[in-house]
Amino acid sequence: MPPLNILNNINISEIFISLQGEGKYVGARQLFIRFSGCDINCKGCDTDYSLRDNFYFIDEEYKNPISADFLVNKINNKDILEGIHSISFTGGEPLLWSEAVEFIIDRIGNKTKYFLETSGFHLDILKKIYDKLDIVSLDIKLKSTFGIDDNIDNLKRAEFIENNKSYFKLVISDKTKSEELVKVIKLLKEKDFNEIYLHSKNNLVEFKLLSDIMEMFYNSGITCYYVPQMHKMVGIK
Ligand code: SF4
């Protein structure tokens with residue numbers, strides 16, 4: 001059982017219904033639970049994960065911190081799980097709140113599916129709750145894009161990550177180096193993943209560069225999709 005103090009002190013950025021804007025499930029209608037906080041410090045992060053006094057649960061305003069019980073009751077007391085693809089645990093870094101994620105899944109049970117989007121760094125935590133999740137979106141972070149040491153070796157070591165429930169996303173930029181892509185391809189091959197989802201910061205990318213990067217993946221036997229951040233294109237959260 002997770003420690004009670006964490007379950008009674010959850011900081012939420014916002015809870016809302018929207019469409020998944022990235023990766024393999026783009027367009028899926030989800031209930032997003034966006035937790036506050038992230039410890040990765042990516043350069044140019046465009047997510048507001050700051051701790052805040054109040055947050056919105058769809059159109060109602062509440063005070064932080066909140067209890068996991070409260071969240072479960074709110075979700076169960078409304079019809080919001082009807083007509084959604086899944087609950088998306090996001091952030092920030094939702095794995096910093098893994099006890100809350102686990103609690104919510106255990107309490108809500110099989111009324112919906114559970115989707116988690118992670119930066120791909122806290123893999124020891126992910127391992128503990130991996131079996132409870134239906135879909136896991138993992139970022140591959142490159143130094144050239146985010147100014148931090150990449151997470152490729154960590155991902156390599158995480159033997160529990162399987163291609164039947166997980167997929168990888170990669171943000172590319174005009175600074176992406178071919179030796180980084182070689183490392184990514186090696187990772188995918190070693191882990192038996194045969195597809196990857198590409199994004200670019202602010203949906204900006206020069207087509208020739210994108211095409212060359214995609215060719216590199218295809219030539220290595222990896223199906224590669226470029227997915228503009230759909231939520232930004234259509235002006236939703
Ligand atoms: S992991 Fe995501 S939320 Fe955290 S700093 Fe990096 S881009 Fe921002």
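Since the model is a prediction, treat every value here as computed from it, not as a measurement. Along the sequence shown, residues carry numbers from 1. Atoms within a ligand are numbered from 1 in the order they appear, just like the ligands themselves.
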Considering only heavy atoms, does Phe121 approach ligand 1 within less than 4.0 Å through its side chain, its backbone, both, or neither?
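Looking at Phe121 and ligand 1, no heavy atom falls under 4.0 Å.
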
Would you please name every residue forming a ring pair (Phe, Tyr, Trp, His ring centres under 6.0 Å) with Tyr226, sequence neighbours left out?
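Partners of Tyr226 under the ring pair (Phe, Tyr, Trp, His ring centres under 6.0 Å) test: none.
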
If we only count heavy atoms from C-beta on, is the Lys128 to Glu102 side-chain gap below 4.5 Å?
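No, their side chains stay 4.5 Å or more apart.
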
Note, Ile12 side chain near Arg34 side chain (heavy atom, < 4.5 Å):
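Not touching, per the 4.5 Å side-chain cut-off.
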
Count, excluding waters, the protein N, O or S atoms that are closer to atom 6 (Fe) of ligand 1 than 2.8 Å.
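Under the 2.8 Å cut-off, the count stands at 1.
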
Backbone of Gly91 reached by a side-chain donor or acceptor of Trp97 within 3.5 Å
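Flag not set: sc Trp97 to bb Gly91 has no pair under 3.5 Å.
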
What residues form a salt bridge (charged side-chain N to carboxylate O under 4.0 Å, His left out) with Lys143, not counting sequence neighbours?
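Counting only residues at least two positions away or on another chain, Lys143 forms a salt bridge (charged side-chain N to carboxylate O under 4.0 Å, His left out) with Asp149.
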
To which residues is Leu19 joined in a hydrophobic cluster, defined by side-chain heavy-atom contacts under 4.5 Å among Ile, Leu, Val, Met, Phe, Trp and Tyr, whether direct or through other members?
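Listed partners: Tyr25, Val26, Phe115, Ile135, Tyr167, Tyr197, Tyr225, Val227, Met230, Val234, Ile236.
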
